[in-house]
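Working notes, structure below.
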Amino acid sequence: MDKMNINNIIETESLTKVFGGLAAVNEVTLKIDRGDIFGLVGPDGAGKTTLLRMLCGLITPSRGRISRNSDSFGYMPQKFSLYGDLTIAENINFFGALYKIDSKTIRRRADEILEITGLAGFKSRFADDLSGGMKQKLALTCALLAKPALLVLDEPTYGVDPESRKEFWKILYQLNKEGVTIVVSTPYMDEAELCKTVALISRGIIMSTGDPGSLKKSFPYGILELKADARDLDFINDLPEVVDGDFYGDKYHVAVYEVEQAKAAIINLLAEKKVAIHHLRHIPPSMEDVFVAVTKEEVV
Amino acid sequence: MEYVVTTCELTRTFGSFTAVDRININIRPGEIYGFLGPNGSGKTTTMRMLCGLLEPTSGSGSVLGYDLARESEKIKQKIGYMSQKFSLYDDLTVYENLVFYAGMYSIPYHERKKRVAEMIEMAWLAGREKDLPANLSGGLKQRLALGCAIISRPSILFLDEPTSGVSPTSRRMFFKIIQKLANEGTTVMVTTHFMDEAERCHNIAFISGGRLIANDTPDNLKNNVIEGCMVEVDLPDAMERIEELESLPYVKECSIHGPLLHVLLDSEGNVAVFDRYTGVKAREITPSLEDVFISLAKLQRKQES
């Protein structure tokens, strides 16, 4: 690899990890900018965890190269290990000691981080008695003790309710503002929208990289949002003007080749079937639309 | 039978902790009943009681006419249940897993082959019959687990966060199957953190701190729970402006939805004021279910503290 660009915190070239005969991560070449919020987005089994572990140096690549331009990094694994019979403060002291930080510094940093994560009032509570969202924040606190310049998080919001997820992202944004580069994996498409750079990964291969805006701009079809009085609208997929249509909450998102033609065709078809239309409008694609289109060819 | 599931003051405590607190629910046949709430709010505990896997501490209830406390063995035979961590046998193939579950439910021998074939078709598993579960994607594993749970053709199906961690494409496919089952008459109770799935339920119960705090159709929840005027606005650096916007006197709530902000104004009259403040035109919207969820969770916390 050529000399590493100083603005990049991580660079990889043809990074590959093979387990048995299967390439869990396949020829991944990427650059992560200093100060980025880099989202690795893909389904279960896509290779997210394997890739993150290689970025952290926890497992050795089978092939390819990786350079890291940061002395310190924090890693929050998917299954974070907190000690349930220790309190929040005790967990923090324990992890701080593992990082070989002196106890005075631990206390000072812990206070700072607990303030950001909103756990300051719960220091003497046992980890076992915390809700899922609070446990996740404690794990984050522990990962931040060494003041890393790079924070790697593996699906930190997995199985967490919508409100706690939003709070967690607020914290990530604040940390990022203070200069921490964030690399995060997620299966949630609305979180992909919050990243500065998104890499869509499927079956070990990076399918597409870019900021959410440009990924959406490169989406080749138009999206129509349809709300109509019918429990099943799958028959729309039979129209030649339609690429793909599917439920999206209580509405239907229809990917189409040409917006006006498709609109007319859908209105005609629904009139024929005597289905009332609440609204039918052209909308920008969401990350979920992009993801579904990009991975369409894959076996699901 | 008017209701397939009905409970009266259903309660479960663990030591001094009340996981489920006097819950009353009624589920009609053929309904998709969504069960929503923050982590640790009691969703799984409630579902396990309804499945006959956990005895209620107090209160009563029945599933398919069988009493939760006295006839839990009968309930277990009649229902389908897919838990968060579904258990497939890793050393059995897809086909063998299905045959094994058919045996567990005592499906007659001459029926088994047909039922297994049905499940393979339902779950889009054709061609993968001889694969081990370890070699299946998350979405396929999940649909195989569903096949195992419904091979006995239960009239009611309990699904505990069935779509956590599978791809959007697989989630859509899974919910399509659920809708088809419901259209054919199966009652489905499902817990989820995905609001787009909640939107597709016929009824939603919202639970927080073990208590039922809302129970209605998605449309009614969206129209009735939130007071004020919800607008959607596209601002650069949206994430960093939440607190600033929340400090405006006429803003009740502000949260991020993908790249957009949802802002709850105290009245329609302030939309123009808000537009002038941001310099961007906001669009009035019906609150999403996620807005409702966040609003309910906040309300509940306020009442607790």
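Naming: A, B, ... by sequence-line order, numbering from 1 per chain.
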Checklist entry - Is A:Arg53 paired with A:Asp154 through a side-chain N to carboxylate O contact shorter than 4.0 Å? => result no
Item to check | Under-4.0 Å salt bridge between B:Asp196 and B:Arg171 | outcome: yes
Item to check | Which of B:Glu161, B:Lys176, B:Lys141 touches chain A most, by non-hydrogen pairs under 4.5 Å | outcome: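 Ranked by contacts with chain A, first place is B:Lys176.
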Checklist entry - In terms of heavy-atom pairs under 4.5 Å, which option from B:Asn183, B:Leu36, B:Leu136 contacts chain A the most? => result B:Asn183
Checklist entry - Contact part of A:Lys216 toward chain B, heavy-atom cut-off under 4.5 Å: side chain, backbone, both or neither? => result side chain
Checklist entry - Is any side-chain heavy atom of B:Phe206 less than 4.5 Å from a side-chain heavy atom of B:Val225? => result no
Next on the checklist: Is there a side-chain contact between A:Trp169 and A:Asp190 in this structure, where contact means two heavy atoms from C-beta onward sitting under 4.5 Å apart?
Outcome noted: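 In short, these two side chains do not touch, never coming nearer than 4.5 Å.
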Please state whether the side chain, the backbone, both or neither of [X] comes within less than 4.5 Å of a heavy atom of chain A.
X        : value
B:Pro38  : both
B:Lys180 : neither
B:Glu290 : side chain
B:Ile242 : side chain
B:Asn135 : neither
B:Lys222 : side chain

Item to check | Exercise: identify the closest heavy-atom pair between B:Leu125 and B:Val94 | outcome: CD1-CG1, 4.1 Å
Next on the checklist: Please rank A:Glu191, A:Met287, A:Glu163 by heavy-atom pairs under 4.5 Å with chain B and give me the top one.
Outcome noted: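 Highest number of heavy-atom pairs under 4.5 Å: A:Glu163.
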Checklist outcome for this item: Comparing A:Lys251, A:Lys177, A:Gln174 against chain B, the one with the most heavy-atom pairs below 4.5 Å turns out to be A:Lys177
Item to check | Backbone of B:Ser16 reached by a side-chain donor or acceptor of B:Thr13 within 3.5 Å | outcome: no
Next on the checklist: Please check: side-chain N/O of A:Asp211 versus main-chain N/O of A:Ser214, any donor-acceptor pairing under 3.5 Å?
Outcome noted: yes
Next on the checklist: Whether the A:Thr181 and A:Asp36 side chains hold a donor-acceptor pair (N or O, under 3.5 Å, no angle test) is what I'd like checked.
Outcome noted: no
